[in-house]
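These notes concern the structure reproduced below.
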Amino acid sequence: MLWQGDLGNAENAIDRARSAWPKWASMALSARIETVRRFATKLKTQYEDLATLIARETGKPIWEARNEVENLLAKIDVAVKSFAERTSHRQLPSQPGLKTAIRHKPHGVLVVITPFNRPASIPIGHIIPALIAGNCVVFKPSERTPAVGQYLVDAFALAELPEGVVSICHGGAEIGQQLAAHEAIDGVLFTGSTRTGIYLNRLFADRPDKILVLEMGGNNPLVVWDTPDIHSAAVLIAQSAFSSTGQRCAAARRLIVRDTIYDRVLGEVRALADRLIINDPFSNPAPFMGPVIDNDSADGLTDSFLYLMTNGGRPIKHMSRPIPERPFLTPGIIDVTAMPKRPDVELFGPILQVIKVSEFEEAIHVANDTRYGLSSGLIGGTAEQYDQLWANSRAGVVNWNRATVGAVTQAPFGGIGLSGNFRPSGYYAADYCAHPVVSLEAEAPKAMIGIGLKDVGPG
Ligand code: NAD
């Protein structure tokens, strides 16, 4: 445990945010951007410190924690750019003397609720666009990564963000529920599991007056078709399924492989998975992956692997737990082709389910056989096959010959189905942090009714 303290008080945090909001919203945009830039500068000077804390609290390798800090800093630049490009003040060409102005206003007080797996970069991806647009934020980090959450909020204070503009509210589901249900908030920006997202969606069912952003989980397919480079295919598969110990929303969960190349592909993936180093974040040689977030997660994943095995799955590589009392897991690969009913759930860890198919149409059908829709991909195949997959794929990210993980910071990021509610984050986060106000403006009230008036008559 790297952080200890009291549970947050939702009432107080929201009060503080409400009091700070009018002043923050009426500040010049340039002043808000300057504050955000000061925050980025602070974090740059504390780069290694933050990366170390992320690695210690999540267990992810230090190189990966550094990547997260890089990603976070890049997100701040993108947020400034995307506000200007998507939600700044614009004028439409109009008649002489008349203007049509499109401006955007902030919502007010937004609650940001985030998961454990990228405890710094995911919150920043919501908080910074929200602040630039003129909102105040109450931030509830994951109860599994409170120290990183606190670190970010302390860095805001060091960057002299005015009191109350961002406040933290520590706690788990219960505090999240209190914040989300509070009358005085204007919306929730959420990233986390589909289960929690659906809870929030229900909570907001009769509140169309509040903004709700849901970035949720996935049961992501990766199709492998003909390719001369089986080794590269295996590398992309391992990166997609096992980087971050499989704790990535866009990780490949289901590998759909053509029967004719099945043995070669799986042989290579298995050999590669056997070589992946799994160890503590700072160990030498550098590990490919660390533990999953905690023992409960490791227990749940172990049970899931057993469930697949006892319900028609055929293990290709057993998932094991080398140290029983610690949450390290080795990558598990299991063929579920013969399973009569494959569970459509997200297994948030290093488990790859494999399905053998013979036709490309069948591959697309299996890929879409999910209620989720975050990422999908094709490795190998032809340009026509990629077009076909792209056109039919129900997902917000569709890649060709690239890993399913590793979002491009300058692009929008979000899913459909049970993966999101059509409010993508990343470059499009600006869109949900402000609402448009359209104004027709003329300097003088000059007007006439041209048609439909009775004549006044002579005299
Ligand atoms: P989680 O849903 O358990 O928790 C996420 C956050 O919600 C935490 O802060 C938690 O305290 C809070 N919470 C839990 N129940 C709540 C409730 N009833 N009301 C309000 N808040 C509540 O998710 P997790 O296990 O921390 O994270 C992993 C999940 O996040 C995976 O499903 C993963 O796919 C998803 N994720 C999605 C994206 C994306 O961009 N789509 C990115 C990263 C992670």
Side-chain angles (χ1 to χ4, degrees), residues 7-8 10 57-58 60 68 71 75 111-126 138-146 148-149 168-182 185 187-204 212-220 243-253 292-294 296-298 300-301 327 344-349 370-375 395-397 404-409 411-429 432:
L7 280 184
E57 192 165 48
T58 61
K60 65 175 72 171
E68 184 174 341
N71 178 253
K75 277 185 176 177
V111 170
V112 170
I113 302 179
T114 50
F116 68 83
N117 65 319
R118 288 171 77 76
S121 97
I122 290 176
I124 288 305
H126 290 305
V138 177
F139 167 39
K140 197 205 84 57
S142 167
E143 63 276 34
R144 293 187 274 188
T145 50
V148 173
I168 194 160
C169 207
H170 284 287
E174 207 176 309
I175 296 287
Q177 287 168 4
Q178 287 172 18
L179 289 168
H182 202 288
I185 64 157
V188 171
L189 315 183
F190 169 76
T191 303
S193 66
T194 293
R195 198 173 64 140
T196 308
I198 288 175
Y199 168 86
L200 292 170
N201 204 43
R202 286 209 183 100
L203 189 69
F204 276 62
L212 177 63
V213 171
L214 302 174
E215 315 290 353
M216 302 179 283
N219 187 16
N220 310 306
S243 48
S244 311
T245 323
Q247 298 170 115
R248 293 289 280 272
C249 55
R253 307 289 175 205
V292 293
I293 190 69
D294 54 24
D296 284 350
S297 288
L301 288 158
D344 183 23
V345 293
E346 178 189 52
L347 301 180
F348 205 59
T370 171
R371 298 161 303 158
Y372 297 87
L374 191 51
S375 70
V397 175
T404 55
V405 293
V408 179
T409 319
F413 182 79
I416 60 171
L418 292 189
S419 297
N421 66 342
F422 300 102
R423 298 191 187 280
S425 188
Y427 179 69
Y428 283 6
Y432 59 66

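Positions are given from 1 along the sequence. Read the numbers this way: they start at 1 and go in the same order the structure lists the ligands and their atoms.
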Point to revise | Beyond-backbone contact of Ile168 with Pro141, side-chain heavy atoms, under 4.5 angstrom | key: yes
Point to revise | ligand 1 to Arg144 polar contact by distance, N or O atoms, under 3.5 Å | key: yes
**Study point:** Side-chain donor or acceptor of Glu346 paired with backbone N/O of Gly218 under 3.5 Å
**Key:** yes
Review point. Considering only the protein, which heavy-atom contact is closest to atom 35 (C) of ligand 1, and what is its distance?
Key: Gly192 O, 3.2 Å
Study note, to complete from the structure: Contact region, Leu179 to ligand 1, non-hydrogen atoms below 4.0 Å, reads neither
**Study point:** ligand 1 to Asn117 polar contact by distance, N or O atoms, under 3.5 Å
**Key:** no
Check your understanding: To the nearest 0.1 Å, how far is atom 18 (N) of ligand 1 from its closest protein heavy atom, and which atom is that?
Key -> Gln177 NE2, 3.2 Å
Review point. Which residue and non-hydrogen atom of the protein lie closest to atom 41 (N) of ligand 1, and at what distance in Å?
Key: Met216 O, 2.7 Å
Check your understanding: Is the shortest heavy-atom distance from the side chain of Phe116 to the side chain of Val148 under 4.5 Å?
Key -> no
Point to revise | Asn220 side-chain N/O to Ala251 backbone N/O, donor-acceptor pair under 3.5 Å | key: yes
**Study point:** Minimum-distance protein heavy atom relative to atom 20 (C) of ligand 1
**Key:** Gly176 C, 3.3 Å
Review point. Less than 3.5 Å between some nitrogen or oxygen of Lys140 and one of ligand 1, yes or no?
Key: yes
Exercise for review: With heavy atoms under 4.0 Å as the rule, classify the contact between Tyr199 and ligand 1 as side chain, backbone, both or neither.
Suggested key: side chain
Review point. How far is atom 7 (O) of ligand 1 from its nearest protein heavy atom, and which residue and atom is that?
Key: Ile113 CG2, 3.3 Å
Practice item. Check whether any side-chain N or O of Asp344 sits under 3.5 Å from a backbone N or O of Arg371 as a donor-acceptor pair, and report yes or no. Key: yes
Practice item. Measure the shortest side-chain to side-chain distance between His182 and Val111 over non-hydrogen atoms and say whether it is less than 4.5 angstrom. Key: no
Review point. What is the nearest protein non-hydrogen atom to atom 6 (C) of ligand 1, stated with its residue, atom name and distance?
Key: Thr114 O, 3.4 Å
Point to revise | Plane angle bin for His126 and Tyr432 - parallel if under 30°, tilted between 30 and 60°, otherwise perpendicular | key: tilted
Less than 3.5 Å apart, which donor and acceptor atoms pair up between the side chains of residues 415-424 and the rest of the protein, not counting sequence neighbours?
residue	atom	partner	partner atom	Å
Ser419	OG	Gly217	O	2.6
Ser419	OG	Gly373	N	2.9
Ser419	OG	Leu374	N	3.2
Asn421	OD1	Leu214	N	3.0
Asn421	ND2	Leu212	O	2.8
Arg423	NE	Leu212	O	3.2

Review point. Is any side-chain heavy atom of Val138 less than 4.5 Å from a side-chain heavy atom of Lys140?
Key: no
Review point. Hey, does Glu68 have a side-chain heavy atom less than 4.5 Å from the side chain of Pro119?
Key: yes
Point to revise | Minimum heavy-atom distance Ala10-Leu179, with the two atoms named | key: CB-CD2, 3.6 Å
**Study point:** Side-chain donor/acceptor of Thr404 to backbone N/O of Ala252, under 3.5 Å
**Key:** yes
Check your understanding: Near Pro141, which atoms of ligand 1 are under 4.0 Å from a heavy atom of that residue?
Key -> 9 (O)
Practice item. Considering the heavy atoms of Ile122, write down every atom of ligand 1 situated less than 4.0 Å from one of them. Key: 42 (C), 43 (C)
Point to revise | Exam field: side chain Lys75 to backbone Ser121, donor-acceptor pair closer than 3.5 Å | key: yes
Point to revise | Atoms of ligand 1 close to Phe190 [distance to a heavy atom under 4.0 angstrom, numbered from 1] | key: 2 (O), 5 (C), 6 (C), 7 (O)
Practice item. Consider every N or O of Glu346 and every N or O of ligand 1, then say whether any pair is closer than 3.5 Å. Key: yes
Point to revise | Residue portion contacting ligand 1 (non-hydrogen atoms closer than 4.0 Å) for Ser425 | key: neither
Revision key, fill the gap. Looking only at non-hydrogen atoms, the one of Val112, Leu347, Thr196 nearest atom 14 (C) of ligand 1 is Thr196
Check your understanding: Which atoms of ligand 1 sit under 4.0 Å from any heavy atom of Ser142?
Key -> 9 (O)
Check your understanding: Considering only the protein, which heavy-atom contact is closest to atom 11 (O) of ligand 1, and what is its distance?
Key -> Glu143 OE1, 2.7 Å
Study note, to complete from the structure: Filtering Gly197, Ser193, Gly415 for the heavy atom nearest atom 2 (O) of ligand 1 leaves Ser193
Revision key, fill the gap. Taking only non-hydrogen atoms of Phe413 and a 4.0 Å limit, the atoms of ligand 1 in range are 40 (O)
Check your understanding: Are Phe348 and Pro115 side-chain neighbours, meaning at least one heavy-atom pair lies under 4.5 Å?
Key -> no
Review point. Between Cys249 and ligand 1, is there a nitrogen or oxygen pair with a distance under 3.5 Å?
Key: no
Study note, to complete from the structure: min-distance protein heavy atom vs atom 27 (O) of ligand 1 -> Pro115 CB, 3.1 Å
Check your understanding: Side chain or backbone of Arg195 under 4.0 Å from ligand 1, or both, or neither, by non-hydrogen atoms?
Key -> neither
